[in-house]
Trainee: 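Got a structure for you, questions after.
Since this is a predicted model, take the numbers as computed values, not measurements. Proteins come first, then strands; the chains are lettered A, B, ... in the order of their sequence lines, and each starts at number 1. Below, each value reflects all heavy atoms present in this structure, side chains not excepted, and no hydrogens, waters or symmetry copies.
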There are 2 protein chains.
Amino acid sequence: MASVENTQEVDQLVRAKESAFLEFIQSKGLKTTRQRSTIVQVFFRMRGHISVEELLREVKLVNPKIGYATVYRTLHLLVASGLVEERRFGDGLARYEGRSEVEHHDHMICLECGQIFEFFNPRLEALQEKLAEENNFKIYRHRLELYGICKDVESCQHKKEMAARKAHKATGG
Amino acid sequence: MASVENTQEVDQLVRAKESAFLEFIQSKGLKTTRQRSTIVQVFFRMRGHISVEELLREVKLVNPKIGYATVYRTLHLLVASGLVEERRFGDGLARYEGRSEVEHHDHMICLECGQIFEFFNPRLEALQEKLAEENNFKIYRHRLELYGICKDVESCQHKKEMAARKAHKATGG
DNA sequence: ATAATTATGATAACGATTATCGCATTTAAA
DNA sequence: TTTAAATGCGATAATCGTTATCATAATTAT
């Protein structure tokens, strides 16, 4: 679900993000540690909407001694630095996003296979602003999520897994 | 935050919702109990986006023996029946909505006072549908939340409480 | 190098929600 | 209206994601 890549482009991006993070860390008088560096590098090599567990799994491949707490703490720092956004899609766990194609975007979430698509539309943004203004409301941030079935419905990788999980959960209702 | 009312109109609405719930309960072969009846009546007398704790508090005024578990269970049944919607606004707890002015609506959430406003705009809905279709995505449901500052910013009731809470939480950051 | 500060890792604590289980209540049938 | 089977209840233990704690380790400025 969250793959790791290795290309020159990615290396460059990771270096840029890492130095931006270093700058943040130093500006706050915090310390630069091996663990933080590892976590940041691994995080920005991953694609998608990454959960703590997914990240920890990848991090442990590099340094198995790094634990939950440090991953949580570093993710909080990444969010505080503005390099990463925290999202919650209602499955009860936080997901983190640091490599979007577009700066701001909304989400379409497939209920069948769990895939998450990003999209952006300026008319949508403008309309929201207009509606807010009409109500004397000043928007700081917003969240739009469309839940449904994605175009790959026939080839959804996790279709059967999800169905099995549903059937399991439904036991007793 | 979630007040209880007592008017003839409300009585009528509560009766209608309750009978709809009974219908659902019976169609599923479940049992009609005093507790469920109490919880449903109390719930539909309340306004706003109600948390489990808020509901339990009100329920206990009618029947103090009713516990957490039954309130949770009944809320799940209400959601399953389609009479109630579950919402999560990112403060970590579920809120339930059973008496909206409009059938579907989106939300503006004031970060200062915590007030939640509902709104609906057909152009917004249409635009979402259009964008989904362009991506071959079929929307089942969606969620749009605008977070910001509301028009009552000067008179926000909970302004100070929130500020105090923030200050408390910020200890250690 | 040293001292002060901050971070780490293991795990306990937390808060919301869910599961468990013995007992009570409801329902359908007799 | 009793009876028997099924379902629901209340109290609370368990769970899950996340946060706090604390002794030890690493980093930084001197």
Side-chain angles (χ1 to χ4, degrees), chain A residues 21-40 49-57 59-60 62-81 84 86-96 165-166 168-173, chain B residues 21-22 24-40 49-57 59-60 62-81 84 86-96 165 168-173:
Chain A
F21 184 62
L22 273 180
E23 206 170 313
F24 170 80
I25 285 290
Q26 286 166 358
S27 79
K28 292 283 177 184
L30 305 175
K31 292 175 177 173
T32 61
T33 67
R34 295 170 204 293
Q35 291 91 333
R36 281 177 182 167
S37 178
T38 299
I39 292 167
V40 169
H49 302 78
I50 302 158
S51 70
V52 173
E53 206 170 297
E54 284 170 345
L55 178 55
L56 180 67
R57 196 186 310 140
V59 163
K60 277 199 180 290
V62 178
N63 179 354
K65 303 197 75 174
I66 292 177
Y68 264 101
T70 305
V71 170
Y72 270 104
R73 284 186 286 232
T74 305
L75 279 170
H76 290 330
L77 288 173
L78 281 165
V79 170
S81 77
V84 166
E86 181 180 307
R87 307 254 180 209
R88 286 171 182 276
F89 295 115
D91 56 352
L93 47 84
R95 292 180 178 280
Y96 297 87
R165 208 178 301 174
K166 269 183 203 168
H168 180 65
K169 277 203 175 179
T171 305
Chain B
F21 184 62
L22 273 180
F24 170 79
I25 286 290
Q26 287 167 357
S27 78
K28 293 283 179 185
L30 305 175
K31 291 176 178 172
T32 61
T33 67
R34 296 171 204 291
Q35 290 93 333
R36 281 177 183 166
S37 179
T38 298
I39 292 166
V40 169
H49 302 78
I50 303 157
S51 70
V52 173
E53 206 169 295
E54 285 170 344
L55 178 55
L56 181 66
R57 195 185 310 139
V59 163
K60 278 200 180 292
V62 178
N63 179 355
K65 304 197 74 173
I66 293 177
Y68 264 101
T70 304
V71 170
Y72 271 105
R73 284 186 285 232
T74 305
L75 279 170
H76 289 330
L77 288 173
L78 281 165
V79 170
S81 77
V84 167
E86 181 180 307
R87 307 254 179 208
R88 285 171 183 277
F89 295 115
D91 56 351
L93 47 83
R95 292 180 178 280
Y96 296 86
R165 208 178 301 175
H168 180 67
K169 277 201 174 179
T171 307

Trainee: Looking at DNA chain C, which of residues 22-34 of chain A put a heavy atom within less than 4.0 Å of it?
Mentor: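 Output list: Leu30(A), Lys31(A), Thr33(A).
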Trainee: Any N or O donor-acceptor pair under 3.5 Å from the base of dG9(C) to the side chain of Arg73(A)?
Mentor: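 Yes, a donor-acceptor pair under 3.5 Å.
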Trainee: Once you round it to whole Å, what is the distance between P of dC9(D) and CG of Leu56(B)?
Mentor: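 Atom CG in Leu56(B) sits about 14 Å away from atom P in dC9(D).
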Trainee: For dT25(C), does either OP1 or OP2 sit under 4.0 Å from a side-chain N or O belonging to Arg36(B)?
Mentor: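 Indeed not, no polar side-chain atom of Arg36(B) lies that close.
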Trainee: Could you state the atom-to-atom distance from NZ of Lys65(A) to C1' of dT24(D) in whole Å?
Mentor: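 In whole Å, dT24(D) C1' and Lys65(A) NZ are 12 Å from each other.
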Trainee: Should Thr38(A) and Gln35(A) be marked as a side-chain contact (heavy atoms from CB on, under 4.5 Å) after you check the CA-CA gap, both sets of side-chain angles, and the distance that decides it?
Mentor: CA-CA 5 Å; Thr38(A) 299; Gln35(A) 291 91 333; 5.7 Å; no
Trainee: Rounded to whole Å, how long is the line connecting atom CD1 of Ile66(A) with atom C1' of dA26(D)?
Mentor: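 Going from CD1 in Ile66(A) over to C1' in dA26(D) covers 13 Å.
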Trainee: Rounding to an integer number of Å, can you tell me how far Arg95(A) CZ sits from dT18(D) C1'?
Mentor: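 Spelled out: CZ on Arg95(A) to C1' on dT18(D) is 15 Å.
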Trainee: Using whole Å, what does the distance between atom C1' of nucleotide dT17(C) and atom CG of Leu55(B) come to?
Mentor: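 Distance, rounded to whole Å: 15 Å.
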Trainee: May I ask you to decide if Gly92(B)'s main-chain N or O and Arg88(A)'s side chain share a donor-acceptor pair within less than 3.5 Å?
Mentor: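 Here the side-chain-to-backbone pair does not exist.
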Trainee: Closest approach to the side chain of Ala94(B), judged atom by atom: which nucleotide of dA11(D), dT18(D), dT17(C) is it?
Mentor: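 Nucleotide nearest to Ala94(B)'s side chain: dT17(C).
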Trainee: Do any side-chain nitrogens or oxygens of Gln35(A) fall under 4.0 Å of OP1 or OP2 in dA7(C)?
Mentor: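 For dA7(C), neither OP1 nor OP2 has a side-chain N or O of Gln35(A) closer than 4.0 Å.
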Trainee: What is the separation between atom CG on Asp91(A) and atom C1' on dG17(D), rounded to the nearest whole Å?
Mentor: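 In whole Å, dG17(D) C1' and Asp91(A) CG are 11 Å from each other.
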Trainee: Nearest 0.5 Å, please: how far is NZ in Lys31(B) from CZ in Arg36(B)?
Mentor: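 Going from CZ on Arg36(B) over to NZ on Lys31(B), the span is 9.5 Å.
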Trainee: So which atom in Ile66(B) and which in Lys60(B) form the shortest heavy-atom distance, rounded to 0.1 Å?
Mentor: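 Where Ile66(B) meets Lys60(B) most closely, the heavy atoms are O-NZ, 2.8 Å.
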Trainee: Does the side-chain contact (heavy atoms from CB on, under 4.5 Å) test come out yes or no for Leu78(A) and Phe24(A), once each step is laid out?
Mentor: CA-CA 9 Å; Leu78(A) 281 165; Phe24(A) 170 80; over 6 Å; no
Trainee: Between Tyr72(A) and dT19(D), does any side-chain N or O lie under 4.0 Å from OP1 or OP2?
Mentor: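 No, Tyr72(A) has no side-chain N/O under 4.0 Å of OP1/OP2 on dT19(D).
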Trainee: Ring-plane angle category for His76(B) and Tyr72(B), please: parallel below 30°, perpendicular beyond 60°, tilted otherwise.
Mentor: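 Because their plane-to-plane angle lies in the 30° to 60° range, the rings of His76(B) and Tyr72(B) count as tilted.
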Trainee: Within this structure, what is the CG-to-P distance between Leu93(A) and dT17(C), rounded to whole angstrom?
Mentor: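 Atom CG in Leu93(A) sits about 15 Å away from atom P in dT17(C).
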Trainee: Would one find a side-chain N or O of His76(B) under 4.0 angstrom from OP1 or OP2 of dT17(C)?
Mentor: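 Negative; the distance criterion is not met.
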Trainee: What are the two closest non-hydrogen atoms of Ile39(A) and Leu55(A), and how far apart are they?
Mentor: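 Of all heavy-atom pairs spanning Ile39(A) and Leu55(A), the closest is CG2-CD2, 4.1 Å.
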Trainee: In whole angstrom, give the distance that lies between atom CZ of Arg88(A) and atom P of dT17(C).
Mentor: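 In whole Å, dT17(C) P lies 12 Å from Arg88(A) CZ.
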